[in-house]
Amino acid sequence: MRVSRLMLVTLRDVPADAEIPSHQLLVRGGFIRRIGAGIYAYLPMMWRVLRKINAIVRDELNSLGALETLLPQLQPADLWERSGRWQGYTAGEGIMFHLEDRQNRELGLGPTHEEVITELAGDLLRSYRQLPVTLYQIQTKFRDEIRPRFGLMRGREFIMKDAYSFHANQDDLEATYQAMAAAYARIFKRCGLEAVAVDADSGAIGGAASQEYMVTAEAGEDLILTSSDGLYAANQEKATSLPPLAQPLEAGSDRIIDTPDQVSIEQLCVANGLDPTQTVKVLVLLARLDDGREQPTLVSLRGDQVLNEVKLANAVSRSLDATVLEISPISEQQLRQQGLSEFPFGSIGPDLSDTELRGCRSWQSHFLRLADATALDLPRFVCGANSRDQHFWGRTWDAIPTQIRADLRTAHAGEQCVHDPSQTLSACRGIEVGHIFQLGRKYSEALDARFTNSAGQQEALLMGCYGIGISRLAQAAVEQHHDDAGICWPVGIAPFQVIVVIAKMKDSNQVALGEGLYQSFLDAGIDALLDDRDERAGVKFKDADLIGIPWRIVVGRDAGDGEVEVVERSACKSTTMDHQEAYRQVKESILNTLRPEI
RNA sequence: CGGGGAGUGGCGCAGUUUGGUAGCGCGCUUGCUUUGGGAGCAAGAUGCCGCAGGUUCGAAUCCUGUCUCCCCGACCA
């Protein structure tokens, strides 16, 4: 491709709405343009990058025997009602774009495809003899994100590869899951990405085992905790660690103490010479569930610990056998709306009585009581006395209503690892580009997708699902590979692998040599770009740096002697050599990088 | 959803306080000079100042409404 014909429009100024480097560079380099909030056009060079990524993904998945397919984006609501996700995805999170057609039928724009694929599988897969099967598609997904941002990183319309596997037994599911994990590792490597697999929460998709693939980068939206020995890595949403040891509460008479204006753990500890680990704090929250219930919830944590909302939502969902749509602190205004009197906020203990809820309008009339192990393991502690400005010193769990024990605390960097206490956790940020799940029978049971097993019995299909954010991956690659001058595309996904820059178009020697080199690369099957614009050399160099083509060959002053300059973009390393040698070296390097693992 | 900010040529911005009919840099067009790291000079083109109402002799500017976009938050009593 000739740059003069490429519709290359580069920007010198940083676009005002772009915050992070990858977003700025993709816009400046003429890769993407914003059409609306979270909606982007992929310009021709970007589309080349995306197609390269797609090709790698297809290659690896096809080699596993997965079958490519294409499913509808417009999906009937009743399919989602049967899986129980319509409420959660529309009214709850509101993440699904939905609409009514002219017959007043409700439809959703697919944010994911479990429902459709499970329906199909139930129809088509009737016998264990057909299993296992893995289907995948690469397609645009729609999600009405609460807050789209960072360009392609969190868009409302984005390209995703999603795969679904179907199995007759758990061993088979695990085998495919492992094979998929291995394929993912190869995909990210071939895309030139530094990615780490971490234990993850399975979130709204549901299911058991799940791992996320994170591209490490400063701008990442997720916090990852890893052990120094490399044996443990998890998203902070899911991570576990050993909590610091608690200080024993010195023996002494149990009593009520006055604690005026001591409404936070910090104030309480400062005023009474306590360590936070000697206290229990109680959060009063309201959980809204997908079956319409509004469940008042008391959560007890050791005073020094921080609530992990994801763990909490999962624990509440498990305890009540319904999906949590939202959990938030109860406000005084909400209490008034329920016709309840004020709670003793700041002095609440785990034994706050259910009578406090008597006569409420729409809430459940009893508390769901959950406690983190750090709190339950304290033999004696200080907590609120359920009476304003008073705390209980030397409380024990004996006289307190039964608590549901759960891991509810947030793990932090610096804490000891569960698998090996001599290791500590450290933190880094990451961009989630892939996620694999063992779904189990969640969707197949809901949608009645059954097969006949070898014993002649009807059984729900076991499922796995596996996603890669293609467009997000492309931007993550830029986030991981750029410098002050622009993008440094990894060779595997670069829109072009080499750019031949003719420094001065009026010099016929340069033009002839440049054209020859360009043609040679094309003949070798390499994606080459020829900068044939009648621009000053400086402009061409700046543009080449910005758009990040991995190899650049400058045909300039020494063209008369057959000498050219070879520049490796990522290393900013420049060498002058004979043009034939330059061609040979660059070609070899590109072809070797594209087939690394052999 | 709550809070903040912004909509002026393709991009980045000034002008709005104090109303008088629109400007700068980059980009674009033409010409000359330049020619290895975003050139110089000269001459041009490009605006329903987000949209709709209102006030006024007169509105980018004041008032009302509305739409859109960006940022922060969604929270530990």
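Predicted model, so just to flag it, every value in this text is computed and none were measured. In what follows, chains are A, B, ... by sequence order, proteins preceding strands, each numbered from 1.
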Any-strand Watson-Crick or G-U partner of A6(B), both distances under 3.5 Å: U68(B)
Compare the minimum distances between each of C70(B), C71(B), A39(B) and the side chain of R149(A), then state the nucleotide with the smallest one. C71(B)
Using purine N1 to pyrimidine N3 plus N6-O4 or O6-N4 for Watson-Crick, or N1-O2 and O6-N3 for G-U wobble, both under 3.5 Å, which nucleotide pairs with U46(B)? none
Against the six-membered ring of F392(A), is R255(A) placed for a cation-pi contact (under 6.0 Å from the centre, within 45° of the normal)? no
Quickly work out the R34(A) CZ to A6(B) P distance and round it to whole Å. 17 Å
Return the nearest nucleotide to the side chain of I146(A); candidates are C70(B), A74(B), G36(B). A74(B)
Can you tell me how far P of A74(B) sits from CG of L283(A), to the nearest Å? 15 Å
Output yes when a side-chain donor or acceptor of D372(A) lies under 3.5 Å from a complementary backbone atom of L408(A), and no otherwise. yes
Check whether any side-chain N or O of Q338(A) sits under 3.5 Å from a backbone N or O of L335(A) as a donor-acceptor pair, and report yes or no. no
With ring centroids as reference points, do F381(A) and W393(A) lie under 6.0 angstrom apart? no
Do T140(A) and E157(A) have side-chain N/O donor and acceptor atoms under 3.5 Å apart? no
For atom CD of Q236(A) and atom C1' of C76(B), their distance in whole Å: 14 Å
Distance to the ring centre below 6.0 angstrom and angle to the axis at most 45 degrees; does that hold for R369(A) and F367(A)? no
Between V306(A) and E535(A), just flag the one whose closest nucleotide in RNA chain B comes earlier from the 5' side. E535(A)
From C-beta outward on R33(A), which listed nucleotide comes closest to its side chain: G10(B), U35(B), C76(B)? G10(B)
From C75(B), G36(B), C13(B), pick the nucleotide closest to the side chain of A16(A)? C13(B)
Using the side-chain heavy atoms of L546(A), tell me which of these nucleotides is nearest: G38(B), C70(B), G36(B). G38(B)
Taking the P atom of each, how far is U8(B) from C70(B), in whole Å? 14 Å
If pairing requires Watson-Crick or G-U wobble contacts with both distances under 3.5 Å, which nucleotide is the partner of C62(B)? G54(B)
Which nucleotide sits closest to the side chain of F541(A): G36(B), C75(B), C76(B)? G36(B)
The test is salt bridge (Lys or Arg N to Asp or Glu O under 4.0 Å); show your working for E342(A) and R388(A) and say whether it passes. CA-CA 10 Å; E342(A) 209 174 295; R388(A) 195 160 288 286; 3.0 Å; yes
How far, in whole Å, is U61(B) from G7(B) if one measures between their C1' atoms? 15 Å
Specify whether W80(A) and Y89(A) have parallel, tilted or perpendicular ring planes, treating 30° as the upper limit for parallel and 60° as the lower limit for perpendicular. tilted
Separation of A74(B) C1' from L286(A) CG (nearest whole Å): 15 Å
Any strand: nucleotide that pairs with G73(B) via Watson-Crick or wobble, under 3.5 Å: C1(B)
Check every strand shown and say whether R388(A) touches a base, only sugar-phosphate, or nothing at a heavy-atom separation below 4.0 Å. nothing
Want to settle it: does S264(A) or E565(A) sit nearer the 5' end of RNA chain B, counting the closest nucleotide to each? E565(A)
Can you tell me how far C1' of C69(B) sits from CZ of R154(A), to the nearest Å? 19 Å
Euclidean distance for C1', G31(B) against G10(B) (whole angstrom): 24 Å
Please determine, for the side chain of L11(A), which listed nucleotide (C11(B), G36(B), U35(B)) has the closest atom? C11(B)
Measure from the side-chain heavy atoms of V539(A) and tell me the nearest of C26(B), A39(B), C75(B). A39(B)
Using purine N1 to pyrimidine N3 plus N6-O4 or O6-N4 for Watson-Crick, or N1-O2 and O6-N3 for G-U wobble, both under 3.5 Å, which nucleotide pairs with C32(B)? G40(B)
Spacing of the C1' atoms in G9(B) and C26(B) (rounded, Å): 12 Å
Just how far, in rounded Å, is C1' of G10(B) from CZ of R12(A)? 15 Å
Could a donor-acceptor pair under 3.5 angstrom be found where the side chain of D13(A) meets the base of G27(B)? no
Could you list by number each residue of residues 362-379 of chain A showing a heavy-atom separation from RNA chain B of less than 4.0 Å, or answer none if no residue does? none
Does the base of G37(B) carry an N or O that pairs as donor and acceptor with the side chain of R552(A) under 3.5 Å? yes
Do side-chain atoms of K540(A) reach the backbone of I502(A) as a donor and acceptor pair under 3.5 angstrom? yes
Now, which nucleotide makes the Watson-Crick or G-U wobble pair with U16(B), with each of the two distances under 3.5 Å? none
Take the protein atom CG of D534(A) and the nucleotide atom P of A39(B), then report the distance between them rounded to whole Å. 13 Å
When you compare G47(B) with G36(B), how far apart are their P atoms, in angstrom units rounded to a whole number? 37 Å
Between F31(A) and W489(A) (judged by ring centroids, cut-off 6.0 Å), do the two rings come close enough to count as a pair? yes
Say we look at G27(B) and G12(B): how far apart would their P atoms be, to the nearest angstrom? 15 Å
Whole Å only: how far is the CG atom of D531(A) from the P atom of G36(B)? 15 Å
Return the nearest nucleotide to the side chain of K504(A); candidates are U35(B), G38(B), C69(B). U35(B)
Applying a 3.5 Å limit to both distances, which nucleotide forms a Watson-Crick or G-U wobble pair with G25(B)? C11(B)
Using the C1' atom on both, measure G53(B) against C76(B) and round to a whole Å. 48 Å
Give the nucleotide from the list C76(B), C69(B), C75(B) with an atom nearest to the side chain of E309(A). C75(B)
In whole angstrom, give me the gap between the C1' atoms of C69(B) and C51(B). 14 Å
